[in-house]
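Worksheet: one structure, shown below.
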Amino acid sequence: MAADAAMMLDAQSYDPGQRPFGRSFRRTRSEGPGVADDSELPAVRQPAVRHDPGAPAPAGIALAFTGVGKIFPDGTEALRDISFTVGDGEFVAVVGPSGSGKSTLLRIASALTEPSYGTVAVSTAVPGYVFQDPTLLPWRSVEGNVGLLAQLDGVPKPERRRLVAEAISLAGLAGFERHRPTALSGGMRMRVSLARALTVRPSLFLFDEPFSALDEITRQRLGQEVLRLYGQERFAGLFITHSVVESVWLASRVVVLSTRPGRVLAEIDVPFDYPRQVELRFDAAFGRTARTVSEALRESFA
Ligand SMILES: Nc1ncnc2c1ncn2[C@@H]1O[C@H](COP(=O)(O)OP(=O)(O)OP(=O)(O)O)[C@@H](O)[C@H]1O
């Protein structure tokens with residue numbers, strides 16, 4: 001289920017507009033050419049990558065990379081000897097320059113990509129995923145999109161309704177249940193993606209630059225939402241981002257990657273308790289921590 005769900009939600013693996021799976025496509029004027037319908041879903045469940053998503057993590061650890069490296073078949077070395085852990089209930093951010101292997105690292109954690117060497121241990125078979133692209137099914141309503149994973153997992157309807165209603169409320173989407181993705185803003189689509197992930201009640205949440213395509217204000221609002229959800233649910237989080245400020249604001253530890261091949265240059269503790277408000281970003285102590293992360297990042301270019 002883990003790799004299937006990740007593949008289903010990962011834009012690199014699935015694009016409902018590009019006829020990727022199955023046969024029955026219908027065209028509608030409002031949704032553009034090549035729009036699929038629900039008859040696609042059983043085919044979508046076929047995992048693209050079949051491999052063991054990882055050994056079980058030791059007690060207290062949600063995710064552990066041990067000596068992980070990735071060399072793509074064309075010889076590109078994306079990651080070299082990566083080791084770090086995310087503890088249960090811990091929120092860790094990964095920052096690094098473009099091309100340092102951040103997405104590759106998250107894809108390895110999601111079992112979408114196999115490491116070339118090293119091991120990945122994961123504490124749960126069903127992490128929550130939020131990718132850069134919300135990958136919503138355009139012919140489904142907000143409710144239908146949020147309930148997708150529970151539906152694919154065969155959760156009975158009454159229980160599914162309860163999970164969906166709870167996730168919609170948690171993600172601040174109440175009142176938009178019947179809207180289609182095309183009638184939502186980019187920020188709201190991302191909320192749908194968050195809500196969909198919440199229905200699996202994940203103990204581990206994997207975020208791959210989820211807000212990078214959004215404007216600064218929406219980005220801050222959604223960051224605040226993630227912090228609120230984290231306060232309520234206390235999942236372990238791995239949050240990939242380009243932004244030093246975002247990493248320090250959200251995480252209790254920041255892992256800094258070097259330029260390609262990505263190596264761990266530094267792990268920096270963030271000395272602020274939760275809950276955190278957006279105003280923290282203007283605090284002098286916040287500025288000092290952000291500077292420490294920035295300096296570590298700068299070393300990666302040295
Ligand atoms: N399938 C692939 N085959 C060959 N090289 C790849 C493949 N996927 C990624 N790469 C390369 O691996 C390196 C790391 O890519 P990745 O997308 O993980 O970096 P990133 O840190 O997430 O980048 P960005 O911040 O720009 O999104 C890049 O040089 C990229 O070109």
Side-chain angles (χ1 to χ4, degrees), residues 3 6-15 18 20 47-51 53-54 63 65-84 86 92-120 122 127 129-135 186 190 193 205-216 219 222-223 226 237-251 253-268 290 293-294 296-302:
M7 191 212 62
M8 167 80 211
L9 306 179
D10 174 36
Q12 283 186 39
S13 308
Y14 174 62
D15 179 349
Q18 296 295 319
V49 177
R50 290 171 198 274
H51 74 93
L63 174 65
F65 297 98
T66 309
V68 166
K70 179 70 186 176
I71 303 161
F72 286 104
D74 68 358
T76 304
E77 186 180 9
L79 294 167
R80 185 182 293 176
D81 201 19
I82 299 283
S83 299
F84 70 91
V86 181
V92 173
V94 176
V95 290
S98 186
S100 58
K102 302 182 295 297
S103 292
T104 303
L105 192 64
L106 195 122
R107 290 172 68 78
I108 288 173
S110 318
L112 283 165
T113 299
E114 265 185 287
S116 305
Y117 57 87
T119 59
V120 183
V122 185
Y129 305 101
V130 181
F131 294 106
Q132 208 167 5
D133 185 319
T135 52
M190 196 45 82
S193 175
F205 228 123
L206 303 170
F207 300 89
D208 188 5
E209 302 193 40
F211 311 144
S212 59
L214 302 171
D215 65 85
E216 183 57 26
R219 207 176 161 132
L222 287 171
V226 166
L238 183 67
F239 194 101
I240 305 293
T241 178
H242 276 115
S243 162
V244 170
V245 169
E246 195 168 68
S247 72
V248 175
W249 185 37
L250 298 177
R253 188 153 45 88
V254 179
V255 174
V256 180
L257 293 189
S258 68
T259 49
R260 192 174 69 78
R263 286 153 290 127
V264 175
L265 280 182
E267 291 194 46
I268 295 158
V293 174
S294 289
L297 252 183
R298 224 174 300 138
E299 269 176 43
S300 73
F301 292 99

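The structure displayed is predicted, hence computed values, not measured ones. Indexing begins at 1, ligand by ligand and atom by atom, following the structure's order. The first residue of the sequence shown is numbered 1, and numbering continues consecutively from there.
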Decide yes or no on side chain to side chain contact (heavy atoms under 4.5 Å, CB included) for F131 and L112, but give the supporting numbers first.
CA-CA 12 Å; F131 294 106; L112 283 165; 4.0 Å; yes

Counting each atom of ligand 1 from 1 as listed, which ones have a heavy atom of D74 under 4.0 Å away?
4 (C)

Could you work out, with side-chain hydrogen bond (donor to acceptor under 3.5 Å, both in side chains) as the rule, every residue matching D215, not counting sequence neighbours?
T218

Short N or O distance, A78 and ligand 1, threshold 3.5 Å exclusive
no

Could you tell me whether the side chain of F207 reaches within less than 4.5 Å of the side chain of V226, counting heavy atoms only?
yes

Side chain, backbone, both or neither: P73 near ligand 1, heavy atoms under 4.0 Å:
neither

If you count the atoms of ligand 1 from 1 in the order shown, which ones are under 4.0 Å from a heavy atom of P97?
21 (O)

Quick one: side chain to side chain contact (heavy atoms under 4.5 Å, CB included) partners of S258, sequence neighbours excluded?
R263, L265, S300

For G101 and ligand 1, does the shortest N/O to N/O distance drop below 3.5 Å?
yes

So if I count the atoms of ligand 1 from 1 in the order they appear, which ones are less than 4.0 Å from some heavy atom of E209?
25 (O), 27 (O)

Looking only at heavy atoms, the pair that brings S247 and A93 closest together is CB-CB, 3.7 Å

Under a 4.0 angstrom heavy-atom cut-off, which atoms of ligand 1 come close to H242?
24 (P), 25 (O)

Is any side-chain heavy atom of R219 closer than 4.5 Å to one of S243?
yes

Taking the side chain as C-beta and beyond, is there a heavy-atom pair between S193 and T135 under 4.5 Å?
no

Answer with yes or no whether G96 contacts ligand 1, where contact means a heavy atom under 4.0 Å from a ligand atom.
no

As an exercise, identify every atom of ligand 1 less than 4.0 angstrom from a heavy atom of R260.
13 (C), 28 (C), 29 (O)

